[in-house]
Amino acid sequence: MRTPVPGRGASARGGSNRPVAMAPADPTRSLAFAVLVAVTEKRRTIEDALDAADPGHAAPPRDRAAAHRLAAAVLRRAGTLDAVLEPFLNKAPPSRVRLLLRMGAAQLLLLDTPPHAAVGTVVDLARAEGLHPFSGLVNAVLRRVAAAGGAALDGVDGARLDVPPWLWASWGADARRIAEGLAREAPLDLTLAPGADPAAFGPDAVPLPTGSLRLPAGTRVGALPGFAEGSFWVQDAAAALPASLLDARPGEKVADLCAAPGGKTAQLARTGAAVWAVERDAHRLRRLHENLARLRLPEVSVVQADATGWTPPEPLDAVLLDAPCSATGTARRHPELLHLRRAADLPALAAEQDRLLEAAARMLRPGGRLVYAVCSLQPEEGPERAAGAARFGLRPAPFTPEELAALPEALTPDGHLRTHPGLWADRGGMDGFFAARFVRN
């Protein structure tokens, strides 16, 4: 890096002062860069950032999908990428230049992009984004990463580097397994409607022991057979467990609190129970309505309300509370959470979870069942909340080995459910979920 690399007109120390001809930036890389800037500077999620960068979904679906995959790879493996880049840098580059370097390195080392495409498009992007003084630096560093190839990753403890220290410490003995699971792109899991044929999804579809159907990462949902007919819904295998463990029965009166996007609502409705789906957020409520319409479940009673203030028309037999949380268990699918979440977020989330637990307990008849669940790996949001449920008139009803016979490693000594991304490593992993069951006194 200490000498200029011919062919790009700029040195590794910042570039010449001669005018640089602007090459058109590749649309996929431009979109990915805009997403990364929005996540790191404005603390937006990937989905929100992508919508803001491509309003109205004007970009072709293939470009949006490729941009999402590139941005997610950068965010998922940021610590690894920085460790690879560090030997080739004399000093820390500006933050947006670092994003460009991460993008190039991710393409070279993680996404199997040909070197000429990975390097050239990112150099052109630097110029298009007004960072042309650094185009020589970007070119030189990425050429060196390309020359090193896979050997650049030798000795890099990616699992440790890609996870913020506070999260690593909070996961205890499972931290490395969880981090290794988070480093892998998540497959696509489906819950099938009754009567749907798993064989219709092709030879790549793998039935899982818990009943979900797994397809490879990157599968286009809308192109799958039976999508328009409501033959399935997208739901991680771990996310499907809490509703199953509630064991709703025909004719029971059941509420799904914080119900969007609707996968758990659909599970409950398919049992023959009378279901109220309660959702506060208007945007998520629209998505809930859309999903229930596609799944042809008009009998569900959808309610827009804050669950802490909603009262059902009569006492309920069972409640599923999938509470708002830090969502750290979903970081395989939403790697931006590794960068957006802070330990300081947890007290307010825990307080809200307690308010929801108290409200859910009030909705139940004596002897009614409650399953509390969070897609979080944090003890403050899982076992610590369950430990305090007695003050709301709830007594534990532990899950049994028979109920979790398909996933025995997820049963904790206290009879709770605990999944994490390190489980089923040979099958592609799963999201992190905690669930506990209670009965109202």
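Each residue takes its place number in the sequence, starting with 1.
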Which heavy atom in [X] sits nearest to a heavy atom in [Y], and how many Å separate them?
X	Y	value
Ala255	Trp310	CB-CZ3, 4.1 Å
Ala71	Ala32	CB-O, 4.2 Å
Met363	Ala307	CE-O, 3.4 Å
Ala78	Asp162	N-OD1, 3.8 Å

Taking [atom1] in [X] as the centre, count heavy atoms belonging to other residues, nucleotides or ligands within less than 6.0 Å. Is the count above 12?
X	atom1	result
Arg43	CZ	yes
Asp154	CG	yes
Arg395	CZ	yes
His283	NE2	no

Could you tell me if the side chain of [Y] sits less than 4.5 Å from the side chain of [X], heavy atoms only?
X	Y	result
Val122	Leu142	yes
Cys375	Cys325	yes
Leu246	Leu268	yes
Leu321	Val371	no
Ser376	Leu349	no
Leu125	Asp26	no
Thr219	Pro216	yes
Asp189	Leu213	no

Atom [atom1] in [X], atom [atom2] in [Y]: separation rounded to 0.5 Å?
X	Y	atom1	atom2	result
Arg440	Leu316	CZ	CG	10.5 Å
Leu70	Leu36	CG	CG	7.0 Å
Met103	Leu108	CE	CG	11.5 Å
Leu394	Tyr372	CG	OH	12.0 Å
Arg77	Leu109	CZ	CG	9.5 Å
Leu190	Leu224	CG	CG	6.0 Å

Quick check: does any side chain N or O of [X] sit under 3.5 Å from a backbone N or O of [Y], one acting as donor and the other as acceptor?
X	Y	answer
Glu380	Leu346	no
Thr265	Ala277	no
Arg29	Ala118	no
Ser135	His132	yes
Asn291	Pro261	yes
Glu279	Ala260	yes
Asp63	Pro60	no
Gln353	Pro324	yes
Thr419	Phe433	yes
Trp233	Gly263	yes

For this session: Would you please name every residue forming a side chain to side chain contact (heavy atoms under 4.5 Å, CB included) with Arg427, sequence neighbours left out?
Result: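 So Arg427 forms a side chain to side chain contact (heavy atoms under 4.5 Å, CB included) with Leu208, Pro209, Arg214, Trp424.
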For this session: Have a look at Glu185 and tell me which of Arg333, Arg69, Arg76 forms a salt bridge (charged side-chain N to carboxylate O under 4.0 Å, His left out) with it.
Result: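 Exactly one pass, corresponding to Arg69.
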Exercise. Does NZ or CZ of Arg160 come closer than 6.0 Å to the centre of the six-membered ring of Trp168, within 45° of the ring's axis?
Worked result: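 Judged by the rule (NZ or CZ under 6.0 Å from the ring centre, within 45° of its axis), Arg160 counts as positioned above Trp168.
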Exercise. Regarding Arg391 and the six-membered ring of Phe438, is the cationic atom NZ or CZ under 6.0 Å from the ring centre and inside 45° of its axis?
Worked result: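 Not flagged: Arg391 not positioned over aromatic ring of Phe438.
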Between [X] and [Y], do the side chains contain an N or O donor and an N or O acceptor separated by less than 3.5 Å?
X	Y	answer
Glu47	His334	no
Gln378	Arg341	no
Glu381	Ser326	yes
Asp306	Thr308	yes

Problem set entry | Candidate pair Thr28 and Arg62, rule side chain to side chain contact (heavy atoms under 4.5 Å, CB included), full reasoning | CA-CA 9 Å; Thr28 294; Arg62 183 173 179 177; over 6 Å; no
For this session: For the residue pair Phe232 and Phe201, categorise the inter-ring angle as parallel (less than 30°), tilted (30 to 60°) or perpendicular (more than 60°).
Result: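 Correct class here is perpendicular.
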Problem set entry | side chain to side chain contact (heavy atoms under 4.5 Å, CB included) between Trp276 and Val254, intermediate numbers included | CA-CA 6 Å; Trp276 285 265; Val254 179; over 6 Å; no
Problem set entry | Sequence neighbours excluded, every pair satisfying side chain to side chain donor-acceptor pair (under 3.5 Å) that has a member inside residues 95-105 |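 For residues 95-105, and leaving out neighbouring residues, the side chain to side chain donor-acceptor pair (under 3.5 Å) pairs sorted by first residue read Glu41-Arg96, Asp82-Arg98, Asp82-Arg102.
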For this session: Name all pairs fulfilling the side chain to side chain donor-acceptor pair (under 3.5 Å) condition that reach into residues 175-184, sequence neighbours left out, sorted by first residue then second.
Result: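 Applying side chain to side chain donor-acceptor pair (under 3.5 Å) to every pair that reaches into residues 175-184, excluding sequence neighbours, yields Asp157-Arg176.
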Exercise. For Asp204 and Leu215, what are the C-alpha separation, side-chain angles and deciding distance, and is it a side chain to side chain contact (heavy atoms under 4.5 Å, CB included)?
Worked result: CA-CA 6 Å; Asp204 292 332; Leu215 287 92; 5.8 Å; no
Exercise. Which of these, His420, Gln235, Arg332, sits in a side chain to side chain donor-acceptor pair (under 3.5 Å) with Asp431?
Worked result: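 Single pass found, and it is Arg332.
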Could you check whether [X] pairs with [Y] (Lys NZ or Arg NE/NH1/NH2 to Asp/Glu carboxylate O, under 4.0 Å)?
X	Y	value
Arg369	Asp247	no
Arg355	Glu352	yes
Asp174	Arg418	no
Glu403	Arg437	yes
Asp256	Lys264	no

Problem set entry | Centroid-centroid under 6.0 Å between His416 and Phe399 rings |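 No, too far apart.
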Exercise. Of Val84, Leu100, Leu101, Val119, which meets side chain to side chain contact (heavy atoms under 4.5 Å, CB included) against Val141?
Worked result: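 Output: one option passes, namely Leu101.
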For this session: Begin with the C-alpha distance, continue with both residues' side-chain angles, and end with the deciding distance and a verdict on side chain to side chain contact (heavy atoms under 4.5 Å, CB included) for Leu407 and Leu241.
Result: CA-CA 10 Å; Leu407 191 60; Leu241 295 173; 3.8 Å; yes
